[in-house]
Amino acid sequence: MKVTIVGAGNVGATCADVISYRGIASEVVLLDIKEGFAEGKAMDIMQCATNTGFNTKVIGVTNDYSKTANSDVVVITSGIPRKPGMTREELIGINAGIVKTVAENVLAHSPNTIVVVVSNPMDTMTYLALKSTGLPKNRIIGMGGALDSSRFRYYLSQALDKPSNDVSAMVIGGHGDTTMIPLTRLASYNGIPVSEFLSQDALDKVAASTMVGGATLTGLLGTSAWYAPGASVAYLVDSILNDQKKMIACSVFLEGEYGQNDICIGVPCIIGKNGVEQIVDITLNDAEKALFAKSADAVRNMNADLKSVLV
Ligand SMILES: NC(=O)C1=CN([C@@H]2O[C@H](COP(=O)(O)OP(=O)(O)OC[C@H]3O[C@@H](n4cnc5c(N)ncnc54)[C@H](O)[C@@H]3O)[C@@H](O)[C@H]2O)C=CC1
Ligand SMILES: O=C([O-])CC(=O)C(=O)O
């Protein structure tokens, strides 16, 4: 199975590293616009093979899309990341043009591929990729919810002082500092509601930390995070390539689900070899419904800024 990752920067290269280390794909092509950069990242990753014991072939190319031909999955991480103090939404001006061009280039060489969009503002970039390419909605998946959910599980595990893998929890809604919806009511510690162990005040703090999880790391690192983002993309790609049918919160095109239309936003999805195989339309309570509607309004406002790119 072949995966192309466009953008060999922090997130793209980490994703290639995790995919190869875990043997998720047989071939990974890293593509970047910066001369020699993807080649260097690929060579560095390949030089791990004997010590970590993987057989995936990783190659790097400078803007040569012919090498990406017939990819089963293409991941788009090209574009600029935010700096401390910025929101993801502020990246739209530069990233929209990059994502649109990249999506067109990859599809010219891999017309049957499934596209995973990572560049921010991710929900709007996913919508842009869908509208500009006309791909069926099951083949365009925005990655954000997998990451936000893993951060939610991390913060819950910290509050519980128990391992993250014993915690089950999901974040839906937009992938933005104010649009994420950590579903605290449904979070559990080994099947037991977390409210059995944590006060409402503690749960509110966990939700608030989750929502600004990316901003917190950006403040600490000077640029946005890459280890958990790269691993989250690899987790999603694994479910596609190996037809695992995992339920993962992804930004997908809604046609009536959650009361929304003509928008890409995070909802639980079954992810398998056909990409988005099912949107899981769970019953939210009134407060969660109101949060989802508000989140969708904010994402839709952002999408309105695409008018000049989508002509
Ligand atoms: N959806 C999510 O959960 C997450 C999204 N992100 C987003 O992912 C994007 C990438 O982040 P990083 O890897 O940290 O940035 P980075 O700056 O380390 O890497 C971006 C790479 O894209 C390349 N690039 C730019 N234009 C290109 C083009 N036209 N074709 C090919 N390559 C091109 C650059 O040369 C650079 O190497 C950012 O927009 C960031 O906000 C980051 C983390 C999580
Ligand atoms: O925070 C950012 O800008 C990058 C991102 O989307 C994340 O790490 O969640």
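First listed ligand is number 1; within each ligand, the first listed atom is number 1.
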Considering distance alone, does some N or O of Arg82 sit under 3.5 Å from an N or O of ligand 1?
-> no
Among non-hydrogen protein atoms, atom 42 (C) of ligand 1 lies closest to Val11 CG2, 3.7 Å
Should the proximity of Leu217 to ligand 2, defined as any heavy atom under 4.0 Å, be assigned to the side chain, the backbone, both, or neither?
-> neither
For atom 32 (N) of ligand 1, what's the nearest protein heavy atom and its distance?
-> Ile33 N, 3.4 Å
So which of His175, Met143, Glu90 gets nearest to atom 6 (O) of ligand 2, if we judge by its closest heavy atom?
-> His175
Short side-chain to backbone donor-acceptor contact, Ser295 and Phe292, under 3.5 Å = no
Considering only the protein, which heavy-atom contact is closest to atom 40 (C) of ligand 1, and what is its distance?
-> Asn120 ND2, 3.7 Å
Identify, for atom 1 (N) of ligand 1, the protein heavy atom at the shortest distance, and state residue, atom and that distance.
-> Met143 O, 2.8 Å
Phe37 heavy atoms, cut-off 4.0 Å: which ligand 1 atoms fall inside?
-> 37 (O)
Judging by distance only, is a nitrogen or oxygen of Ile80 under 3.5 angstrom from one on ligand 1?
-> yes
Considering the heavy atoms of Asn95, write down every atom of ligand 1 situated less than 4.0 Å from one of them.
-> 39 (O)
Ligand 2-proximal atoms of Met122, by part, heavy-atom distance under 4.0 Å | neither
Sequence neighbours excluded, which residues qualify as salt bridge (charged side-chain N to carboxylate O under 4.0 Å, His left out) partners of Arg82?
-> Asp177
Considering only the protein, which heavy-atom contact is closest to atom 3 (O) of ligand 2, and what is its distance?
-> Arg82 NE, 2.6 Å
Is a side-chain donor or acceptor of Ser119 paired with a backbone partner of Ser78 at a separation under 3.5 angstrom?
-> yes
Report the nearest protein non-hydrogen atom to atom 8 (O) of ligand 2: residue, atom name, distance rounded to 0.1 Å.
-> Arg151 NH2, 2.8 Å
Under 4.0 Å, heavy atoms only, figure out whether ligand 2 is touched by the backbone of Met180, its side chain, both or neither.
-> neither
